[in-house]
J.: 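What follows is a single structure, and I will ask about it in a moment.
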Protein chains: 2
Amino acid sequence: MLAPQRPPMATTPPPQDPSPDASADSVAPAFSPLYQQIKGLILRSLQAGEWKPGDLIPSEFELAARFKVSQGTVRKAIDELATDNLLVRRQGKGTFVATHAEQHIQFRFLRLLPDQGTLDDQGPAERRIIDCRRLRAPAEVARPLGLRSGDPVLLVRRVLAFGGTPAILEEIWLPGGPFKGLTVDALASDTGPMYALFESQFGVRMVRAVEKLKAVAADADTAERLNIAEGHPLLSVERLSYTYNDTPMELRRGLYRTDTRHYRNELS
Amino acid sequence: MLAPQRPPMATTPPPQDPSPDASADSVAPAFSPLYQQIKGLILRSLQAGEWKPGDLIPSEFELAARFKVSQGTVRKAIDELATDNLLVRRQGKGTFVATHAEQHIQFRFLRLLPDQGTLDDQGPAERRIIDCRRLRAPAEVARPLGLRSGDPVLLVRRVLAFGGTPAILEEIWLPGGPFKGLTVDALASDTGPMYALFESQFGVRMVRAVEKLKAVAADADTAERLNIAEGHPLLSVERLSYTYNDTPMELRRGLYRTDTRHYRNELS
DNA sequence: CAGTGGTCTAGACCACACT
DNA sequence: GTGTGGTCTAGACCACTGC
């Protein structure tokens with residue numbers, strides 16, 4: 001293959017001539033580079049579960065052959081997926097589907113760090129489940145999750161502590177469909193990150209999230225659970241997490257004690 | 001040039017044979033890809049002020065000729081500098097040095113957004129300088145800034161408001177040397193982002209920052225300035241900003257009202 | 001039109017991991 | 001050694017900008 005500028009793709013049509021724009025809807029040049037189309041195809045395989053978290057995916061040359069493009073084009077597609085934390089490259093070994101089951105992820109999603117002390121010399125958080133109920137979604141939960149009011153949802157409440165001192169009170173709302181069968185026992189007996197359990201038991205991988213932070217005063221119930229005085233300032237962290245195609249899959253609201261810890265964020 | 005695997009670079013030596021490791025200090029394979037060396041050279045030109053914020057830098061081919069490498073290698077170096085927000089590529093025009101003087105940067109560093117309402121329909125913040133004093137650095141300010149206690153520093157205090165309602169009270173600590181000559185008048189008469197003024201007047205470009213967030217209760221003075229009750233929960237945001245070679249250049253502490261706004265953060 | 005960055009390809013070789 | 005990702009090169013063509 002020496003000349004073909006744009007080898008036809010079986011599933012995604014090459015950029016079409018934009019002259020007879022059928023849709024009257026704005027301009028839409030509709031040009032998409034080949035490597036973006038490849039990225040889309042790989043993404044689809046990830047969503048479809050062809051490769052599961054932790055799996056080794058085919059080599060760049062294999063994928064290039066499958067998609068009928070050069071290895072460099074596949075490489076660029078994988079590069080972007082790797083910087084989006086969907087894939088992990090390991091030189092000499094291959095490319096793997098990213099997973100929450102391992103590594104230093106307790107710093108990518110849980111940003112509460114001790115004020116003093118070096119890195120995670122605080123050890124992992126101790127977790128205590130308060131309850132896990134199945135109920136019908138109130139409107140303010142249904143909307144962000146893309147559900148309708150009254151749809152079945154799960155509500156998990158728990159406390160995280162460090163060194164015996166409670167630090168976080170969390171409410172976790174999950175859509176009932178994808179998480180059918182989640183029980184308090186499964187949560188309590190699990191020892192790893194909760195997002196790893198979501199991957200292995202429900203095939204749901206959280207890819208990104210948006211958090212809204214506020215300072216609030218502790219109410220009576222919260223104060224008791226976190227062992228502080230009522231009215232004590234707390235950091236409210238509301239998180240909406242998304243899985244592969246920007247589908248929201250978890251709404252979480254945490255109340256963080258920040259007397260001896262802080263929420264760390266990097267701006268760039 | 002067909003064969004040279006590692007064309008010698010004038011300024012940065014090519015990877016040396018690691019067999020006679022002179023330094024007994026650990027392993028240190030000391031292998032650095034060419035494009036990383038190029039990245040370093042471009043970075044050095046940025047630090048030296050050869051190209052200033054907003055400037056057009058030489059084309060990829062010009063840089064390739066200067067550094068005696070291929071255009072693709074320069075491209076990879078520029079790619080990384082662009083994803084680090086140090087350079088901005090504009091197809092058909094060229095590559096420019098990133099600047100705070102323009103665009104949508106009020107969202108990269110000021111993350112306080114209205115709870116309701118669409119995007120920045122709140123308009124720009126109204127700024128009121130409380131004072132701008134030159135004094136000697138206390139220890140807790142000197143340390144993060146890489147100074148010694150007693151070194152000259154500038155302290156700027158100001159209030160930011162949206163629609164007439166005060167929302168943020170800020171203390172800004174700057175090293176006296178690089179910011180010699182900064183006056184309250186310059187600050188008050190300026191209309192753009194403060195970081196843009198730092199670039200144009202002092203040649204200091206902020207590249208990245210680390211923030212530590214806590215929930216705190218308003219003290220009497222703060223409460224009055226922000227028009228809230230004493231004890232009201234506030235979001236404390238402590239920011240350390242860095243310029244090119246990871247040199248800290250600003251310590252900022254803000255107290256944010258979060259009753260009708262929130263601090264937004266994206267996790268990925 | 002010329003000049004810039006953006007995409008795509010093809011081939012060579014290096015660094016790393018496993019066997 | 002073999003196979004993987006990582007680097008580097010060279011050349012072609014596309015897309016956008018501005019003269």
J.: To the nearest Å, give me how far apart CD (E80(B)) and P (dG5(C)) are.
T.: 17 Å

J.: Take atom CZ of F96(B) and atom P of dC16(D), then tell me their distance rounded to the nearest Å.
T.: 17 Å

J.: Aromatic rings Y256(A) and Y263(A): how do their planes relate, parallel, tilted or perpendicular, breaks at 30° and 60°?
T.: tilted

J.: What are the two closest heavy atoms between L46(A) and Y244(A), and how far apart are they?
T.: O-CE1, 3.8 Å

J.: So do T83(B) and T83(A) actually touch side chain to side chain, heavy atoms under 4.5 Å?
T.: no

J.: Counting side-chain heavy atoms from CB outward, which of dT9(D), dT9(C), dG6(C) is closest to R89(B)?
T.: dG6(C)

J.: Check the interface with nucleotides 17-19 of chain C: list each N/O to N/O pair with the protein under 3.5 Å, or write none.
T.:
from    : atom 1 : to     : atom 2 : distance (Å)
dC18(C) : OP1    : K93(A) : NZ     : 3.4

J.: Take L197(B) and F202(B) through the test side chain to side chain contact (heavy atoms under 4.5 Å, CB included) and record every step on the way to the result.
T.: CA-CA 8 Å; L197(B) 182 133; F202(B) 304 96; 4.0 Å; yes

J.: To the nearest Å, give me how far apart CZ (R90(B)) and P (dT17(D)) are.
T.: 11 Å

J.: Just so I know, are the side chains of N265(B) and R111(A) near enough to count as touching, which here means a heavy-atom distance under 4.5 Å?
T.: yes

J.: Is the distance from OP1 or OP2 of dA10(D) to the nearest side-chain N or O of S70(B) less than 4.0 Å?
T.: no

J.: Rounded to the nearest Å, what distance is computed from the NZ atom of residue K39(A) to the C1' atom of nucleotide dT7(C)?
T.: 15 Å

J.: Report yes if some heavy atom in the side chain of L251(B) is under 4.5 Å from a heavy atom in the side chain of E238(B); otherwise report no.
T.: yes

J.: Mind checking Y35(B) for me? I need base, sugar-phosphate or nothing, with any heavy atom below 4.0 Å counting as a touch.
T.: sugar-phosphate

J.: Please find the pair of heavy atoms, one from K93(B) and one from L56(B), that lie closest to each other, and give the distance.
T.: O-CD1, 3.9 Å

J.: Between dC8(D) atom C1' and I38(B) atom CD1, what is the distance in whole Å?
T.: 11 Å

J.: What stems show up for DNA chain C when you take Watson-Crick pairs (N1-N3 plus N6-O4 or O6-N4) and G-U wobbles (N1-O2, O6-N3), both under 3.5 Å, and require three or more consecutive pairs?
T.: C:1-18 with D:1-18

J.: Figure out the CD/C1' separation between E60(B) and dG11(D), and round it to whole Å.
T.: 15 Å

J.: Side chain of P33(B) only, please: which of dC8(D), dG5(C), dG5(D) is the nearest?
T.: dC8(D)

J.: Would you say a side-chain N or O of R75(A) is under 4.0 Å from OP1 or OP2 of dG6(D)?
T.: yes

J.: Is there a donor-acceptor pair closer than 3.5 Å between any side-chain N or O of Q201(B) and the backbone N or O of L182(B)?
T.: no

J.: Distance check needed: dG5(D) P versus D79(A) CG, whole Å only.
T.: 11 Å

J.: Quick one: does any side-chain atom of H100(B) pair with a main-chain N or O of E199(B) as donor and acceptor, under 3.5 Å?
T.: no

J.: A side-chain contact here means heavy atoms from C-beta on lying under 4.5 Å apart; do F96(B) and W51(B) qualify?
T.: no

J.: Between dT9(D), dC8(C), dT7(D), spot the one nearest the side chain of K76(B), thanks.
T.: dT7(D)

J.: Choose from dT4(C), dT9(D), dG5(C) the nucleotide whose nearest atom is closest to any side-chain atom of E62(B).
T.: dT4(C)

J.: To the nearest angstrom, how far is L56(A) atom CG from dG5(D) atom C1'?
T.: 11 Å

